[in-house]
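To start, the structure itself, in structure tokens.
Computed from heavy atoms alone, side chains included, the values below leave out hydrogens, waters and symmetry copies. We're numbering straight along the sequence, starting at 1.
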Amino acid sequence: MLGGSIAGLFAARVLSDYADEVLIIERDTADGANPRPGVPQGGQVHALLPGGRIQLDRWFPDFSPEAVAAGAVEVSMNATMRMYMGDRPRSAIPRRADGQDVTLLMTRPRLEYLLRRRVEQLPNVSTIHGRATGIHIEAGRVTGVTYEPAGAVVGELRVGADFVVDAMGRGSRLTEWLTAAGVPVPKLERIPIKTNYVTTVIQAANPDALPPFVGFHGAPQGAATGLDGAVILTENGKRMVVLAGYDTDRPTRDLADLRDRATRAYPPPFAEALQDGSVIGEPVSYHLADSRRRDFDTVAEHPARLVSLGDAVSSFNPVYGQGMTSAALQASALAAYLQAGPDLDRPALEYFRSVRTVVDAAWQPLRIADMAQPHLAHLRPRHYPMLARFGNLMLTASQRSVKVRQQLDEVSWLIAHPDQLSRPSFVLSVLTNGLRREPADSKSQN
């Protein structure tokens, strides 16, 4: 296992059911309070979608109550406040009886720490602290990896392996290693989203003054780019406020500027959150140049006994919070692949095809949403105006119809495939509710 982040920990749990020994090679240590050096965005707001929470409890039974006992906030997404420019806040609807709308709010370091603790309790899993430096390929299959132990002066060491998972994230060097070995690699697809965001952590004076989660997506009148943001309650009464812009619009780390920005461009809960309590540390910024993906199922010559997972496969615009949940679903795809008893001496194309389905579920809808940004206008397909118009109608219809909202949420939370949004019954419901001339807060139940 190359990498012990969220994706790597999920994959290690899956592999523990099929391997005599699982070895994680991870360069960082973690204390549960501070971001790891290998996760530069670790201090930012992270969202675990309901689809990810479902996978957590699947692979780590009773993880949710354990996380709540450690300070995480359990919340129904149906009880949260999500706002879009030009519309009123979406009113709460009842919590789902099946629990599929529930998620956990906590900081990334705390989530990762709890996951790592559970993985380390598995009797056949161990961790080496070091940096992966290469793979060995013989007769079209991977036979081992090399790594540099942390703090050691012995140089590279080699360890044999029957199966290797690349969970090294966006910075994975796997394709470089494959290219150097003369192995074809999949094309890298990029969307230069240029997301800029700043997170401020507040020790809330009144944690119950706002909903546990407030989300915002919009474009103020006359603004050059769109805005995104979120206010979430995390462990020990801490509240995290993230303000995001795109392209040349970069929020500063100056608290006075952030408060002014929240007051001018965001709904009232954002300014309220930045005033309610004391700031912990300094605001932290992060810039993501692009969303990216590689479709490994397109390369028939990919080495056997080698798979990739998580951000090493696809990395999304983080404002949508899809990354951790997508990684969890990819780990479940790995479990399904191994359970089927495949011929491991052949490339794992069946696994990669399943991963592509998972990636598409997040990538395709968000690709269209991101193209609303002016600096991505050159990437818009010819039929984009029709797609954008339908997207706006969906948001309006979700204000007016519980059924539309539930179906849209299921896709957004990665518990349903986007194909659900193209079914005739859904399209008809969107048109009926989205085009009707009545207040956006109508209580219609169509």
Applied to residues 184-214, the ring pair (Phe, Tyr, Trp, His ring centres under 6.0 Å) test, sequence neighbours excluded, yields Y197-Y286
### Task
Could you tell me whether a side-chain N or O of N196 sits under 3.5 Å from a main-chain N or O of D247, the two making a donor and an acceptor?
yes
Q. Just by modelled atom types, is the K238 backbone N or O under 3.5 Å from a matching donor or acceptor in the N236 side chain?
A.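 Between the backbone of K238 and the side chain of N236 there is no qualifying donor-acceptor contact (under 3.5 Å).
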When L23, I24, L157 are each screened for side-chain contact (heavy atoms from CB on, under 4.5 Å) with I128, the one that passes is L23
Between T146 and the options V159, T133, I135, the side-chain contact (heavy atoms from CB on, under 4.5 Å) test singles out T133
Task: Mutual orientation of the aromatic rings belonging to H217 and Y320 [parallel < 30°, tilted 30-60°, perpendicular > 60°] - done: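 Aromatic pair H217/Y320 classed tilted.
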Parallel, tilted or perpendicular: which describes the rings of F296 and F352, with under 30° parallel and over 60° perpendicular?
parallel
Regarding [X] and [Y], does a basic nitrogen lie under 4.0 Å from an acidic carboxylate oxygen?
| X | Y | value |
| --- | --- | --- |
| R96 | E410 | yes |
| R170 | D311 | no |
| R13 | D17 | yes |
| R353 | D297 | no |
| R131 | E26 | no |
| E66 | R118 | yes |
| D360 | R293 | yes |
| D101 | R53 | no |

Hey, what do you get for [atom1] ([X]) to [atom2] ([Y]), rounding to the nearest 0.5 Å?
| X | Y | atom1 | atom2 | answer |
| --- | --- | --- | --- | --- |
| E120 | L115 | CD | CG | 11.0 Å |
| L104 | E235 | CG | CD | 11.0 Å |
| L309 | F10 | CG | CZ | 10.0 Å |

Do [X] and [Y] get their side chains close enough for a donor-acceptor pair, meaning under 3.5 Å?
| X | Y | value |
| --- | --- | --- |
| N124 | S16 | no |
| Q330 | S326 | yes |
| D276 | N206 | no |
| R36 | S5 | yes |

Student check: side-chain heavy atoms of [X] and [Y] closer than 4.5 Å:
| X | Y | value |
| --- | --- | --- |
| I191 | M371 | no |
| V164 | R305 | no |
| L48 | L56 | yes |
| T234 | V201 | no |

Sequence neighbours excluded, the answer for side chain to side chain contact (heavy atoms under 4.5 Å, CB included) partners of S332 is Q55, R58, W59
